[in-house]
Amino acid sequence: MGIEFVGSGHGEREGTRIVDNPEMNRSRQWDIFCKVIDNHGDIGVCWRLSADLAARGQQVRLWVDDASALEWMAPAGHPGVTVLPWLEPLGLNVLRLGSAPCEVLMESFGCEIAPEFIAACADQQKIGAPKPVWINVEYLSAESYVERSHALPSPVQHGPAAGWTKWFFYPGFTTATGGLLREPGLQQRQADFDRVAWLAAQHIAWAGEKLVSLFCYEPPALATLLHEFAHAGLAGEPVRLLVAAGRAASAVHAVFSDRKWLRPMSDGLGLLSISYLPLLSQTDFDHLLWACDLNFVRGEDSVVRGLWAGKPFVWQIYPQDDQAHQAKLQAFLGMLDAPPSLRAFHRAWNGPGRDLPAVDRSGWIECSSAVRQRLLGQADLGSQLLEFVAKKS
Ligand SMILES: Cc1cn([C@H]2C[C@H](O)[C@@H](COP(=O)(O)OP(=O)(O)O[C@H]3O[C@@H](C)[C@H](O)[C@@H](O)[C@H]3O)O2)c(=O)[nH]c1=O
């Protein structure tokens with residue numbers, strides 16, 4: 001089963017429909033380039049995609065300028081994925097191409113593939129290797145430009161790759177986009193997940209409180225949320241907040257270091273208990289989201305994992321200086337068909353103020369399970385990439 005890309009590609013978007021295509025299962029050599037700009041999303045998405053493709057029989061070389069996060073994100077690595085340093089210049093590593101010529105070239109999030117690598121690919125082509133399929137995987141958004149831009153070609157005019165075509169590939173939430181990362185077997189793993197055993201294995205002291213994960217930047221309304229949990233819990237029930245390592249943990253510590261915050265409380269944190277987590281592998285990060293009753297996620301990768309978890313969630317979008325993230329957030333809420341209380345909460349959580357409406361977890365349950373169900377019915381990013389490459393090879 002695969003996706004058929006329809007259209008000539010001369011400046012027009014290519015639609016998708018499901019077809020059988022055995023070519024998409026042929027093993028190819030992929031070279032994925034990743035620059036770590038900020039936070040963990042670049043490497044998080046590139047690693048997940050690399051592992052997904054490798055699990056489907058593809059050979060992946062992941063070139064990354066800073067692979068340090070993989071030590072905790074993917075400590076076991078993945079068969080079929082080789083992580084290579086993206087040095088400037090790439091230097092001797094290009095020689096490794098010799099043993100396995102590149103068949104699919106992928107740049108992620110607008111990074112530009114090292115020119116010496118392109119030159120090496122072009123040299124290979126001169127001695128008979130096929131022209132690689134060159135794909136630029138873009139940022140995830142629910143905005144309407146994504147459907148218009150997905151699968152558009154960009155002919156390469158100059159340099160050793162003149163005459164090749166670079167294809168824009170937009171992940172997204174509709175059938176007219178590249179879809180979302182969703183590895184095969186995800187639903188089965190979710191169905192087999194044992195929350196009690198996982199919490200015990202993480203040494204999380206759980207006394208039956210509502211579990212809430214917190215992965216965020218520094219939302220100005222964080223103090224208000226903690227205060228609300230401490231005083232009112234989640235609809236009156238005690239809350240255990242599972243705080244992700246890094247910026248989220250620092251933000252929570254910063255709230256508590258402001259002693260004024262504690263003044264209204266007479267007995268510590270009232271209905272709120274807190275567990276600070278170590279850095280988890282991506283696999284365990286998923287488990288965290290599956291274990292919780294409410295998830296606070298951020299950025300690009302964890303929001304998708306939050307969607308697949310199917311639990312009510314709140315997204316802190318990655319803030320951009322030009323405020324472009326606000327339109328992106330609105331489009332996302334529209335895609336969710338979010339109820340008014342969820343929209344209002346997102347507006348506040350992503351806004352500059354400290355006020356926050358009440359958490360309406362029970363009012364958000366239907367929305368999160370409906371969107372998960374709908375998105376599960378769409379072809380995932382890995383399948384779509386395989387089919388696209390099969391078509392363009
Ligand atoms: C906290 C934690 C995260 N992770 C992983 C999950 C994700 O793959 C990754 C976090 O990435 P994100 O959810 O995308 O959030 P992020 O804020 O870290 O990354 C951001 O980076 C910017 C450059 C992008 O422009 C943003 O869109 C965004 O992707 O880290 C773990 O594996 N274990 C952990 O313990």
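We count ligands from 1, going down the list as the structure has it; atoms in each ligand are counted the same way. Fair warning: this is a prediction, and the values are worked out from it, not measured in the lab.
Remark: ligand 1 atoms within the under-4.0 Å shell around heavy atoms of Asp42 are 23 (C). Heavy-atom contacts of Leu279 reach the following atoms of ligand 1: 35 (O) (cutoff under 4.0 Å). Here is the list of ligand 1 atoms found below 4.0 Å of a heavy atom in Tyr139: 25 (O). Annotation for ligand 1: atoms under 4.0 Å from non-hydrogen atoms of Gly44 are 8 (O).
In terms of protein heavy-atom proximity, atom 2 (C) of ligand 1 is nearest to Phe285 CD1, 3.7 Å. Nearest protein heavy-atom contact of atom 33 (N) of ligand 1 is Leu280 O, 2.7 Å. The protein atom (non-hydrogen) at minimum distance from atom 5 (C) of ligand 1 is Met73 CE, 3.9 Å. Closest to atom 19 (O) of ligand 1, if we only count protein heavy atoms, is Gly41 N, 2.9 Å. If you check which protein heavy atom lies closest to atom 16 (P) of ligand 1, you get Arg298 NE, 3.5 Å. Among protein heavy atoms, the minimum distance from atom 17 (O) of ligand 1 is reached at Tyr217 OH, 2.5 Å. For atom 1 (C) of ligand 1, the closest non-hydrogen atom of the protein is Phe215 CE1, 3.5 Å. In terms of protein heavy-atom proximity, atom 4 (N) of ligand 1 is nearest to Trp72 CZ3, 3.8 Å.
At a 4.0 Å heavy-atom cut-off, ligand 1 touches Ala244 through the side chain alone. At a heavy-atom distance under 4.0 Å, only backbone atoms of Ser281 (N, CA, C or O) approach ligand 1. Here Trp47 has no heavy atoms under 4.0 Å from ligand 1, in either its backbone or its side chain. Contact annotation: for Phe109 versus ligand 1, there are no heavy atoms closer than 4.0 Å.
Atoms CG and CG, on Leu375 and Leu180 in that order, are 5.5 Å from each other to the nearest 0.5 Å. A distance of 10.5 Å separates NE2 in His346 from OG in Ser341, rounded to the nearest 0.5 Å. In this structure, NE2 in His227 is found 8.5 Å from OG1 in Thr224, a value given to the nearest 0.5 Å.
Taking the six-membered ring where tryptophan is involved, the planes of His287 and Trp198 are perpendicular, since the angle between them exceeds 60° and thus also 30°.
Side-chain atoms of Trp167 and Asn136 include no donor-acceptor pair closer than 3.5 Å. When only modelled atom types and interatomic distance are considered, Trp315 and Asn350 share no side-chain donor-acceptor pair under 3.5 Å. For the residue pair Asn295 and Arg305, no side-chain donor N or O sits within less than 3.5 Å of a side-chain acceptor on the partner.
Placement of Ile37 and Ile32 in two distinct hydrophobic clusters is found when ILVMFWY residues are connected by side-chain heavy-atom separations under 4.5 Å, directly or transitively. In this structure, Ile204 is a member of the same hydrophobic cluster as Leu241, with clusters built from ILVMFWY side-chain heavy atoms closer than 4.5 Å. Under the 4.5 Å side-chain heavy-atom criterion for grouping Ile, Leu, Val, Met, Phe, Trp and Tyr, Phe313 is not connected to Ile365 through any hydrophobic cluster.
The shortest N/O to N/O separation between Ser302 and ligand 1 falls below 3.5 Å. Taking distance alone, with nitrogen or oxygen atoms compared against 3.5 Å, Asp301 approaches ligand 1 more closely than that limit.
Here the rule is ring pair (Phe, Tyr, Trp, His ring centres under 6.0 Å) with Trp63, and of Trp30, Phe33, Trp86 only Phe33 fits it.
Between His325 and Tyr318, the ring centre distance reaches or exceeds 6.0 Å.
Using a 4.0 Å cutoff on heavy atoms, Ile37 does not count as a contact of ligand 1.
With Gln282, Arg247, Glu300, His40 as candidates, the residue nearest to atom 29 (O) of ligand 1 on a non-hydrogen basis is Glu300.
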